[in-house]
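What follows is a single structure, written as structure tokens, with notes after it.
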Amino acid sequence: MSKPPPSVRVPGPRLSKRRAPALVRVLVWTALIFAVAGLAAGITAIYAQHEYGAPGPLAAEKVFTVEPGLSAAAIGDVLASNGIISHGPLFAVMAQLAGQRSRLKAGEYAFPAAISMRDVMALLASGKVVTYKISIPEGFTSEMAVARVNSNEVLTGPPAAVPPEGSILPDTYVFRRGMTRQKLVQDMQTAQRELLDELWAQRKPVPVIASKEQAVTLASIVEKETAVAEERPLIAAVFINRLEKGMRLQSDPTIIYGIAGGKGRLDRPLSKADIATTTPYNTYRINGLPPGPIANPGRAALEAVLNPQDTPHLYFVADGSGGHAFASTLEEHNRNVRTWRQLAGNAAAAAAADAAADAPPDAPAADAGDAPLADVAPEPAATAAAAQAPKPVRLKPGSVITVEGRATAIPRLRPAR
């Protein structure tokens, strides 16, 4: 019996797979790309924000100058190359995103250690550059003030020219690197003009101070006469009273200026020869005010001259405490002079003061060489010539004088029996 033939499986018809439409595939891939890009952007943004606000690489405070004319990208590069920030291109991007790109200012900045990129950008946008100070003390001459300006190493440009005496306002001036020396001196002059205009408008009119120039001249003398602020209105009043009475000012600082000029000081004490030497500024020899200021007065001295204190005082002398004793009469002044000489421990001066006390009340005060020169009782201008003549001296018994090189004692006379 034969076997039946083996069965053969006949494959059925193939079913083809349905592919997604092309648009769907594009959308899927686009979404996938955006998702990846978004993830990358998010990671980048997180990194950028971290770098933007994180402490920077600067190990210690650094002063650095951002030159003018640089773009935000160039600023970022130069800051990164100097170790102030970690990433220059990121700085430029963040400046754009923060809206600060056009606000970054050139200048010299002090960057603290570990300053963040965010704080660097804020600092540059604020324009808070490094500032410097220079102080001109009250009573400096213009020559002294300009010498200080010209010696400053931060200021730029050629040496400034010396302006007229009294045209600078003593003060502390703040400036930035790049300021020229001449510009700073001009700013000092502008400050003086503005202050003088302000104080002149508020002044108490005084006939003997008829102009701003005269006010500055007298204020410069007041400035040099005392460092005690409370005394300035009194000193100013004394000088104004002297001017009104036709008395000479007799101020030592004017003698010094007549000799030393803009140098402002002598390397030696004043002498009788200095007093006797006539210069346009020697107020022991000239009437009224000198031809111009002898220094640059400060605000307080100007205020004192333009609003002097009401007082009858005509004289003042050192009181041994750094201030002065004031007097309205010559007799009172001579007593103050004797007190000062005794405090100073000058026995010879005290003896001369005793001799002056024995003189008639209307006699001139003791010789200037024995007392603080500025504090000698001033003479009326009308009697100045007569005052220069030799003055009689009252000698007491027991005094020793020198005649033709020989010491001779004045005999003590006994009363007649």
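We use all heavy atoms of the structure for the numbers below, so side chains are in, but hydrogens, waters and symmetry mates are not. In this text, all values refer to a predicted model and were calculated from it rather than measured experimentally.
Considering every non-hydrogen atom in both Pro290 and Ile221, the closest pair reads CD-CD1, 3.9 Å. The two residues Leu306 and Ala215 come nearest to each other via the heavy atoms CD2-CB, 3.8 Å. Shortest non-hydrogen contact noted between Ser142 and Gly166 is OG-N, 3.8 Å. Shown here for Thr172 and Ser135, the closest heavy-atom pair between the two residues is OG1-OG, 2.8 Å. Across all their heavy atoms, Arg285 and Thr277 have their closest contact at CG-O, 4.4 Å. Leu243 approaches Gly288 most closely through the heavy-atom pair CD2-CA, 3.7 Å.
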Query raised in the report: Which is it for Lys204 and Asp310 under the side-chain contact (heavy atoms from CB on, under 4.5 Å) test, yes or no, and what are the steps along the way?
Result: CA-CA 11 Å; Lys204 179 169 66 177; Asp310 290 328; 3.2 Å; yes

Report task. For side-chain contact (heavy atoms from CB on, under 4.5 Å), just list the numbers for Arg265 and Met144, CA-CA rounded to whole Å, side-chain angles, deciding distance to a tenth of an Å, and then say yes or no. Result -> CA-CA 10 Å; Arg265 56 174 62 92; Met144 295 164 67; 3.7 Å; yes

Query raised in the report: Given Val149 and Met188, is the side-chain contact (heavy atoms from CB on, under 4.5 Å) satisfied, shown in steps?
Result: CA-CA 11 Å; Val149 170; Met188 294 176 179; 3.8 Å; yes

Requested in this report: Give the intermediate values and the outcome of side-chain contact (heavy atoms from CB on, under 4.5 Å) for residues Tyr281 and Ile255.
Outcome: CA-CA 6 Å; Tyr281 289 87; Ile255 301 178; over 6 Å; no

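No donor-acceptor distance shorter than 3.5 angstrom exists from the side chain of Ser167 to the backbone of Pro163, with no hydrogens or angles considered. A donor-acceptor contact shorter than 3.5 Å is absent between the side chain of Ser220 and the backbone of Pro293. No donor-acceptor pair under 3.5 Å is formed between the side chain of Asn287 and the backbone N or O of Arg248. Judged by distance alone, with hydrogens and angles left aside, the side-chain atoms of Thr283 form no donor-acceptor pair with the main-chain N or O of Thr254 at under 3.5 Å. At distances below 3.5 Å, at least one donor-acceptor pair connects side-chain atoms of Arg242 with backbone N or O atoms of Leu249. At distances below 3.5 Å, at least one donor-acceptor pair connects side-chain atoms of Thr156 with backbone N or O atoms of Met179. In terms of modelled atom types and a separation under 3.5 Å, the side chain of Thr131 and the main chain of Phe175 share no donor-acceptor contact.
Gln192 is not listed as a side-chain neighbour of Gln189, based on a closest heavy-atom distance of 4.5 Å or more. Using a 4.5 Å heavy-atom threshold, the side chains of Ile235 and Pro308 count as separate. Here the side chains of Leu97 and Val93 are in contact, with some heavy-atom distance below 4.5 Å. Between Phe239 and Leu289 there is no side-chain heavy-atom pair separated by less than 4.5 Å. A heavy-atom distance below 4.5 Å is not found between the side chains of Asp319 and Asn336. Counting heavy atoms from C-beta outward, Phe316 and Glu225 have side chains that approach closer than 4.5 Å. Contact of the Phe140 side chain with the Ile168 side chain is not registered, since no non-hydrogen atoms from C-beta on lie closer than 4.5 Å. With a 4.5 Å cut-off on side-chain heavy atoms, Ile136 and Asn296 do not count as touching.
Every ring pair (Phe, Tyr, Trp, His ring centres under 6.0 Å) that His313 has, sequence neighbours left out, goes to Phe326.
Side-chain contact, Thr226 with Glu231: a donor N or O sits under 3.5 Å from an acceptor N or O. Counted by atom type alone, His87 and Glu51 present zero donor-acceptor pairs between their side chains at under 3.5 Å. A donor-acceptor pair shorter than 3.5 Å can be found between the side chains of Ser271 and Asp274.
Taking CD1 from Ile134 and CG from Leu155, the interatomic distance works out to 6.0 Å, rounded to the nearest 0.5 Å. The distance from atom OH of Tyr173 to atom CG of Asn152, rounded to the nearest 0.5 Å, is 14.5 Å. Atom CG of residue Leu314 and atom CE of residue Met247 lie 5.0 Å apart, to the nearest 0.5 angstrom. Between the CD atom in Glu223 and the CD1 atom in Ile294 there is a gap of 10.0 Å [rounded to 0.5 Å]. Note that CG of Leu195 and CD of Glu303 are 7.0 Å apart. Values are rounded to the nearest 0.5 Å. Here OH of Tyr52 is found 10.5 Å from CD1 of Ile85. Values are rounded to the nearest 0.5 Å.
Residue pairs satisfying the salt bridge (Lys or Arg N to Asp or Glu O under 4.0 Å) criterion with at least one member in residues 164-191, sequence neighbours excluded, are listed as follows: Glu108-Arg177, Lys183-Asp187. Listed by first and then second residue, the salt bridge (Lys or Arg N to Asp or Glu O under 4.0 Å) pairs that reach into residues 133-150 come to none, sequence neighbours excluded. Residue pairs satisfying the salt bridge (Lys or Arg N to Asp or Glu O under 4.0 Å) criterion with at least one member in residues 193-203, sequence neighbours excluded, are listed as follows: Asp197-Lys212, Glu198-Arg299.
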Please table the atom pairs, donor to acceptor, closer than 3.5 Å between any side-chain atom in residues 109-125 and protein atoms at least two apart or in another chain.
| residue | atom | partner | partner atom | Å |
| --- | --- | --- | --- | --- |
| Tyr109 | OH | Lys105 | O | 2.8 |
| Ser116 | OG | Asp119 | N | 3.1 |
| Ser116 | OG | Asp119 | OD2 | 3.3 |

Quiz: residues 67-81 side-chain donor-acceptor pairs under 3.5 angstrom, not counting sequence neighbours:
| residue | atom | partner | partner atom | Å |
| --- | --- | --- | --- | --- |
| Ser71 | OG | Ala74 | N | 3.2 |
| Ser81 | OG | Asp77 | O | 3.2 |
| Ser81 | OG | Val78 | O | 2.9 |

